[in-house]
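Structure record follows, encoded as structure tokens.
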Amino acid sequence: LSSENKILQMDNTELNEIGFDPLAAIKITVELNNLFKIDMQVKDIFDCNNILEIEECIYNSKLPFDFRNIKMEEYPLSASQFGIFTNYSLNPDSLVYNIPFEIKFNKNIDVEKLKNAVKQAIKTNSVFYTKIFMKNGELFQKEDKDAKFDIEVIETTLSEYEKNKYSYIKAFDLLNDLLFNINIFKTEENVFLVVYVHHIIFDGLSMYLFLDKLKQAYENYEVDELN
């Protein structure tokens, strides 16, 4: 059984005894939020030692999940986002908060279909359209659905790709840039989807949701919008 399945059959067993890992925690968090209409965070799972403590955490959760669907024009930065922005202000050229990930495909994958699937997965996920701005000396964020982006398909050799792939990672201007960049590299052996996103809008749970939507889009399933 996988860790996320095992946990549902335990009571006071320690989570680390069943090989519980961050990916399992992300999956469990998504499932619990959807099932109980709450707003549990991944860190809440790790704060719990066993299934009984997770049950108590669910019971004590006060914030309804549907709160995220309330539409406002702008939102203040969270405490963690403000901390990231403060560190960025001290060193704007740093790449420390860039989250890069690479997905390797067989060379026979349909590159145009992959490109369209990525666009659809982004279109249905509002975090990618986050715009950070100053107003009256305070930091806010809003969704900028008019923002334009493109996905470049770059044909290269495998050796050149391995040598130069990190050169595409650049520092973001948090007040002016779209806070993600995506390229597809086509080599003689493989196709690579390379994504990097700033941590101020993206975390492990965001990555799981994006990859899930990407899979749906590529397999031609209907993709629901994420707010």
Side-chain angles (χ1 to χ4, degrees), residues 22-23 26 41-43 46 72-105 111 114-115 117-119 121-187 190-211 213-214 226-227:
L23 181 58
I26 290 170
Q41 303 297 312
V42 175
K43 71 176 185 65
F46 284 108
M72 295 191 296
E73 289 297 319
E74 57 195 39
Y75 305 82
L77 297 192
S78 68
S80 61
Q81 285 178 312
F82 185 79
I84 291 172
F85 190 92
T86 301
N87 289 335
Y88 156 79
S89 300
L90 296 173
N91 190 3
D93 294 324
S94 173
L95 303 178
V96 68
Y97 286 112
N98 283 15
I99 301 177
F101 58 99
E102 169 196 88
I103 308 174
K104 180 180 178 181
F105 298 96
V111 172
L114 174 62
K115 180 178 178 178
V118 173
K119 287 184 175 180
I122 291 173
K123 184 179 179 181
T124 58
N125 193 336
S126 61
V127 299
F128 286 101
Y129 293 93
T130 301
K131 169 71 175 177
I132 297 174
F133 63 100
M134 282 276 205
K135 187 174 79 171
N136 299 326
E138 296 188 21
L139 287 164
F140 290 87
Q141 57 188 320
K142 65 181 180 181
E143 181 182 347
D144 182 11
K145 275 291 191 181
D146 295 326
K148 305 297 182 184
F149 72 95
D150 193 22
I151 299 170
E152 187 177 2
V153 178
I154 302 168
E155 294 200 25
T156 184
T157 63
L158 183 59
S159 60
E160 284 296 309
Y161 167 72
E162 293 293 347
K163 184 171 70 174
N164 297 319
K165 63 181 179 181
Y166 295 110
S167 67
Y168 290 90
I169 302 177
K170 308 294 184 183
F172 291 107
D173 181 340
L174 294 192
L175 292 177
N176 293 295
D177 291 345
L178 271 178
L179 300 181
F180 70 95
N181 189 61
I182 300 177
N183 293 307
I184 296 173
F185 295 87
K186 187 176 180 182
T187 76
N190 297 100
V191 172
F192 298 89
L193 174 65
V194 178
V195 181
Y196 65 95
V197 193
H198 201 281
H199 185 41
I200 201 166
I201 64 168
F202 209 78
D203 57 15
L205 179 58
S206 306
M207 183 183 299
Y208 173 80
L209 294 171
F210 168 69
L211 294 177
K213 294 301 178 185
L214 176 59
L226 288 171
N227 294 316

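What you see is a predicted model; the values in this text were computed from it and never measured.
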**Report entry** Interatomic spacing from CZ in Phe180 to CD1 in Ile99 - rounded to 0.5 Å
**Finding:** 14.0 Å

Query raised in the report: So with a 6.0 Å cut-off around NZ of Lys142, is the heavy-atom count from everything else above 12?
Result: no

Query raised in the report: Is there a side-chain contact between Leu175 and Leu139, using heavy atoms and a 4.5 Å cut-off?
Result: yes

Requested in this report: Evaluate side-chain contact (heavy atoms from CB on, under 4.5 Å) for Phe185 paired with Lys165, printing each intermediate quantity in order.
Outcome: CA-CA 9 Å; Phe185 295 87; Lys165 63 181 179 181; 5.5 Å; no

Query raised in the report: Under a 4.5 Å cut-off applied to non-hydrogen side-chain atoms, are Tyr161 and Asn190 in contact?
Result: no

Report task. I would like to know whether Asn91 and Val96 meet side-chain contact (heavy atoms from CB on, under 4.5 Å); could you show each step before the answer? Result -> CA-CA 10 Å; Asn91 190 3; Val96 68; over 6 Å; no

Requested in this report: Evaluate the side-chain proximity of Lys123 to Tyr129: yes if any heavy-atom separation is below 4.5 Å, no if none is.
Outcome: yes

Query raised in the report: Is any side-chain heavy atom of Ile122 closer than 4.5 Å to a side-chain heavy atom of Phe210?
Result: yes

Query raised in the report: If we only count heavy atoms from C-beta on, is the Asp150 to Lys115 side-chain gap below 4.5 Å?
Result: yes

**Report entry** Interatomic spacing from OH in Tyr88 to CG in Asp173 - rounded to 0.5 Å
**Finding:** 4.0 Å

Query raised in the report: Pick from Val195, Leu193, Val194: which one makes a side chain to side chain contact (heavy atoms under 4.5 Å, CB included) with Ile184?
Result: Leu193

Report task. First locate atom CG of Asn176, then atom CZ of Phe133, and finally report the distance between them rounded to the nearest 0.5 Å. Result -> 13.0 Å

**Report entry** Phe128 vs Val197 side-chain heavy atoms within contact, under 4.5 Å
**Finding:** yes

Query raised in the report: Is it true that Glu160 and Lys163 make a salt bridge, defined as a side-chain N closer than 4.0 Å to a carboxylate O?
Result: yes

Query raised in the report: Going through the distances and angles, do Lys170 and Asn181 end up as a side-chain contact (heavy atoms from CB on, under 4.5 Å)?
Result: CA-CA 9 Å; Lys170 308 294 184 183; Asn181 189 61; over 6 Å; no

Query raised in the report: Could you give the distance from CD1 (Ile201) to CD1 (Ile132), rounded to the nearest 0.5 Å?
Result: 7.5 Å

**Report entry** Check: His198 and Asn98 side chains under 4.5 Å, non-hydrogen atoms
**Finding:** yes

Requested in this report: Could you tell me whether the side chains of Asp203 and Ser206 share a donor-acceptor contact shorter than 3.5 Å?
Outcome: yes

Query - Given Leu179, Asn87, Thr130, the one that forms side chain to side chain contact (heavy atoms under 4.5 Å, CB included) with Ile200 - result: Leu179

Query raised in the report: Nearest heavy-atom pair of Ala171 and Pro92: which atoms, and what distance?
Result: CB-O, 3.6 Å

Requested in this report: Determine whether more than 12 heavy atoms belonging to other residues, nucleotides or ligands lie under 6.0 Å from atom CZ of Phe82.
Outcome: no

Query raised in the report: Distance from Gln141 atom CD to Leu174 atom CG, nearest 0.5 Å?
Result: 11.5 Å

Requested in this report: Return the minimal non-hydrogen interatomic distance between Phe192 and Lys104, and the atom names on each side.
Outcome: CE2-CG, 3.6 Å

Report task. Measure the CZ-CG distance between Phe105 and Leu114 for me, rounded to the nearest 0.5 Å. Result -> 5.0 Å

Query raised in the report: Is any side-chain heavy atom of Leu209 closer than 4.5 Å to a side-chain heavy atom of Phe202?
Result: no

Report task. Give the C-alpha distance, both sets of side-chain angles, the deciding distance and a yes or no for ring-ring contact (aromatic ring centres under 6.0 Å, His included) between Tyr196 and Phe172. Result -> CA-CA 10 Å; Tyr196 65 95; Phe172 291 107; 5.4 Å; yes

